[in-house]
K.L.:
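One structure, pasted below without further comment.
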Amino acid sequence: MFKKAVEAKSHQRLSGADRKKLRRSIKDKFQRVSDSDLDALLPPKAEIAVAKFQNRVHVYAVEGGFPMFFDVDGRGSDIFPTVYALWIVPELLPAFVLKGGEVSRFVIGGADLMFPGITVPPEGLPSFRAGEPWAVKVPGNPAPIAVGSTTMSSDEALKAGLRGKALRITHYYRDLLWESPEGCYVPNAGFFEDVVFEDPSSLQASCDSDDVTGETSTDQQNNQKSDGVVESLYVNELQHDSASGLMSPDDGENDAATGVTEGMADLKLPDTASGNDPNDQQTLSTADIDSLLDKCLLQALHTTVKDKDLPLPGSTLWSNHVLPCRPSGITLDIKKSSYKKLSKWLQSKSTSGLISVKEDKHKKEVMLFSVYRNHADYSSFKPEKRQVEKSEQPSVQSANEVRTSKTLEVAEIYKPSVHVNAIFSAVGADPGKLFSASEATDIVFTYVEKENLVKPTNKSIVILDALLCDSLYKGAIKKGTTYPTEIHKKDLGSTFVSRMQPHHVVTRGNESVVRKGALKTIQLLTERRQGNKKVTKLSGMESFLIDAEALASELQKKFACSTSVAELPGKKGHEVLVQGGVIDDLARHLIEQYGVPKRYIEVLDKTKR
């Protein structure tokens with residue numbers, strides 16, 4: 001599932017209600033998990049972020065840490081833990097133990113697990129049902145290397161003679177999900193208590209970046225069983241005895257498996273922990289956090305906060321500008337500073353003369369109105385270049401620049417119907433193709449010239465023969481009415497095109513789609529709800545190749561308001577609900593950022609009398 005790179009269409013923090021819903025789903029899905037285990041995986045005081053991908057997969061991660069769970073269909077019914085989660089709570093899932101290290105080569109290469117490669121315990125195969133999540137372990141190592149779902153039940157497996165596919169692998173060590181954190185890590189032997197490894201030399205460092213330590217939150221570190229720093233170590237597969245008969249040395253020439261194992265053999269075990277130690281966060285004092293806040297604010301004011309974006313809500317300034325400027329591996333929490341609240345911190349910066357802020361009484365939020373760029377603190381600060389942070393948390397402006405590069409093109413085209421097929425065949429045109437209105441008009445005039453149907457006494461009149469008359473009027477003239485014998489040239493093209501089947505083609509960047517019928521418009525509606533609150537509804541965006549989820553996330557940041565997406569009842573497509581009367585701004589955003597022509601946007605404001 002994570003073999004190929006897929007760009008996430010949105011990143012956002014989970015609200016309190018969504019966090020509770022996620023915890024309930026995990027407890028319902030995994031009966032072995034306890035409350036303490038769940039706190040270790042999803043610390044109560046840490047921010048939980050969700051990344052939504054184009055293939056509907058949702059990945060839940062501790063902000064500034066590691067991905068812990070992923071949802072295959074995005075509906076909460078098919079959740080799996082990552083190997084990071086299984087390294088913290090190894091008994092979260094039941095596990096199949098491989099027969100030897102040679103089999104693990106193929107598993108961490110992305111292959112599904114077959115029954116012949118599983119060690120069957122003396123008491124027999126454990127009971128399981130089809131579709132259950134199971135982990136994969138190597139002998140003597142409690143750290144799972146993969147996770148997947150069973151393809152059949154234990155009874156069906158016994159009937160099949162323990163042959164065939166046992167586990168459909170969805171995630172494994174060294175895939176793109178494992179590599180997604182900036183400081184990927186694997187547990188060392190001391191990470192689990194009372195574990196004896198047969199081959200100490202098999203402990204090897206494994207991380208693709210120079211930073212070999214990972215980020216963990218304070219709550220995660222308190223729940224770890226080791227007293228020291230979690231070093232970036234990989235517990236390699238145990239060397240398989242050649243006498244086992246599973247695979248001879250000559251059989252292991254598979255290119256993918258050999259590349260993985262050779263890459264691990266070149267790695268060395270670090271003597272000491274890296275300087276980017278996640279425990280360093282615990283040593284930050286209140287004064288250090290205050291200083292770091294000021295530095296991040298100045299970095300944001302220099303790099304991402306533009307005067308044209310002002311006024312800016314304080315929450316947007318914090319999430320989209322200040323947080324991305326924090327150093328890698330540091331969790332920035334305003335509650336641990338001397339200010340305790342975001343509003344008090346911004347008010348103090350306003351008192352010092354660096355910025356100007358005011359409280360919005362309607363939104364009950366502090367707004368940034370201006371930046372005094374002649375201030376001594378601003379002038380003396382030298383901003384740093386942070387390429388990585390910008391790519392991981394792109395600003396709204398950079399996302400808009402990418403979107404505007406994908407220009408929208410809309411064209412109305414027509415397909416020949418049974419009425420006009422004879423005209424196309426007569427001039428040698430293919431009736432199965434699609435034509436623009438001008439191309440279809442040229443076809444009918446080519447037929448007129450070929451049959452010499454122009455009236456000699458009046459060059460602007462076309463005489464209708466039987467074939468052309470049927471194409472234009474058969475079925476459209478009431479019974480008893482005389483068919484016309486001639487038509488004016490200015491009416492010939494439009495009448496001929498009206499007898500064809502309308503289609504439309506929409507192109508955005510490299511993506512193009514052809515649909516039958518006329519192009520449907522985008523519907524914008526503003527109405528009042530209980531409590532005299534305004535809401536704006538948007539539907540029909542799919543016709544212009546606009547993703548509803550991505551648009552809702554973007555509007556949430558742009559208008560600093562709540563948004564939601566719901567399926568249209570009884571219809572195909574989705575409806576985006578935006579809190580507030582932003583119908584005019586939303587229409588302008590669709591025109592400027594998505595290139596939707598104004599004639600394809602219908603606006604209805606029910607709040608105006």
K.L.:
Among pairs that include at least one residue of residues 118-159, which meet ring pair (Phe, Tyr, Trp, His ring centres under 6.0 Å), considering only residues two or more places apart or in two chains?
P.N.:
F96-F128, F96-W134, F128-W134
K.L.:
Would a 4.5 Å heavy-atom cut-off, applied to side chains only, mark L86 and P81 as touching?
P.N.:
yes
K.L.:
With side chains defined as the heavy atoms from C-beta onward, is the minimum distance between W178 and H171 less than 4.5 Å?
P.N.:
yes
K.L.:
Counting only heavy atoms from other residues, nucleotides and ligands, does the tally under 6.0 Å from NZ of K340 exceed 12?
P.N.:
yes
K.L.:
T119 side chain to L98 main-chain N or O, any donor-acceptor pair under 3.5 Å?
P.N.:
yes
K.L.:
For L293, is there any backbone N or O sitting under 3.5 Å from a side-chain donor or acceptor partner on R326?
P.N.:
no
K.L.:
Can you find a pair of side-chain heavy atoms, one from L297 and one from W345, that are under 4.5 Å apart?
P.N.:
yes
K.L.:
Pair D294, S291 - check side-chain hydrogen bond (donor to acceptor under 3.5 Å, both in side chains), show working.
P.N.:
CA-CA 5 Å; D294 295 343; S291 175; over 6 Å; no
K.L.:
Can a donor-acceptor pair be found between the side chains of D39 and S36 at a distance below 3.5 Å?
P.N.:
no
K.L.:
I need the minimum non-hydrogen distance between S104 and I145, along with the two atoms involved.
P.N.:
CB-CD1, 3.8 Å
K.L.:
With no hydrogens and no angle check, do the side chains of D28 and S25 hold a donor and an acceptor under 3.5 Å apart?
P.N.:
no
K.L.:
With R129, which residues qualify under salt bridge (charged side-chain N to carboxylate O under 4.0 Å, His left out), at least two apart?
P.N.:
E132
K.L.:
Evaluate side chain to side chain contact (heavy atoms under 4.5 Å, CB included) for M152 paired with K165, printing each intermediate quantity in order.
P.N.:
CA-CA 8 Å; M152 63 181 74; K165 187 180 297 183; 6.0 Å; no
K.L.:
With no hydrogens and no angle check, just 3.5 Å: does a side-chain donor-acceptor pair link S77 and D73?
P.N.:
yes
K.L.:
Test L42 against I26 for side chain to side chain contact (heavy atoms under 4.5 Å, CB included), laying out the working first.
P.N.:
CA-CA 11 Å; L42 303 174; I26 294 173; 3.8 Å; yes
K.L.:
Taking the six-membered ring where the residue is Trp, are the ring centres of Y60 and F69 under 6.0 Å apart?
P.N.:
no
K.L.:
Is D37 salt-bridged to R32, cutoff N-O under 4.0 Å?
P.N.:
no
K.L.:
Any side-chain heavy atom of L551 within less than 4.5 Å of one from L555?
P.N.:
yes
K.L.:
When you check the gap from the basic side-chain N to the acidic O, do E384 and K295 get nearer than 4.0 Å?
P.N.:
yes
K.L.:
Answer whether the closest heavy-atom distance between the side chains of V305 and L317 falls below 4.5 Å.
P.N.:
yes
K.L.:
If only atom types and distance count, is the side chain of T303 paired as donor or acceptor with the main-chain N or O of Q299 below 3.5 Å?
P.N.:
yes
K.L.:
If every non-hydrogen atom of R19 is compared with every non-hydrogen atom of A46, which pair is closest and at what distance?
P.N.:
NH1-O, 2.6 Å
K.L.:
Rounded to the nearest 0.5 Å, how far apart are CE of M68 and CG of L41?
P.N.:
6.0 Å
K.L.:
Keeping the roles fixed (side chain from T150, backbone from G131), state whether a donor-acceptor pair exists under 3.5 Å.
P.N.:
yes
K.L.:
Got more than 12 heavy atoms from elsewhere within 6.0 Å of CZ, R13?
P.N.:
yes
K.L.:
State whether the side chain of E542 and the backbone N or O of H574 hold a donor-acceptor pair below 3.5 Å, judged by distance alone.
P.N.:
yes
K.L.:
For the side chain of E156 and the backbone of S153, is there at least one donor-acceptor N/O pair under 3.5 Å apart?
P.N.:
yes
K.L.:
Taking atom CZ of R24 and atom CG of L22, what is their separation to the nearest 0.5 Å?
P.N.:
10.0 Å
K.L.:
For R75, does its backbone N or O pair with a side-chain atom of D71 as donor and acceptor, under 3.5 Å?
P.N.:
yes
K.L.:
Of F70, F53, Y172, F80, which is the lone residue that meets ring pair (Phe, Tyr, Trp, His ring centres under 6.0 Å) with F2?
P.N.:
F70
K.L.:
CD of E554 to CD1 of I546: how many Å apart, nearest 0.5 Å?
P.N.:
9.5 Å
K.L.:
Salt bridge check, R168 against D112: does any charged N sit closer than 4.0 Å to a carboxylate O?
P.N.:
no
K.L.:
Is E179 salt-bridged to R174, cutoff N-O under 4.0 Å?
P.N.:
no
K.L.:
Once you round to the nearest 0.5 Å, how far does CD of E47 lie from NZ of K45?
P.N.:
13.0 Å
K.L.:
Taking the side chain from T82 and the backbone from P67, do they hold a donor-acceptor pair closer than 3.5 Å?
P.N.:
yes
K.L.:
Give the intermediate values and the outcome of side chain to side chain contact (heavy atoms under 4.5 Å, CB included) for residues S285 and I289.
P.N.:
CA-CA 6 Å; S285 63; I289 296 178; over 6 Å; no
K.L.:
Taking the side chain as every heavy atom from C-beta outward, state whether E575 and L538 have any pair of such atoms under 4.5 Å apart.
P.N.:
no
K.L.:
Do L177 and Y84 have side chains that approach each other closer than 4.5 Å (heavy atoms only, starting at C-beta)?
P.N.:
no
K.L.:
Does any part of the side chain of S553, heavy atoms only, come nearer than 4.5 Å to the side chain of Q12, both counted from C-beta?
P.N.:
yes
K.L.:
Take V147 and L93 through the side chain to side chain contact (heavy atoms under 4.5 Å, CB included) test and state the conclusion after the steps.
P.N.:
CA-CA 9 Å; V147 63; L93 288 182; 3.5 Å; yes
K.L.:
In terms of heavy-atom contacts, does CD of E567 have more than 12 from other residues, nucleotides or ligands at under 6.0 Å?
P.N.:
no
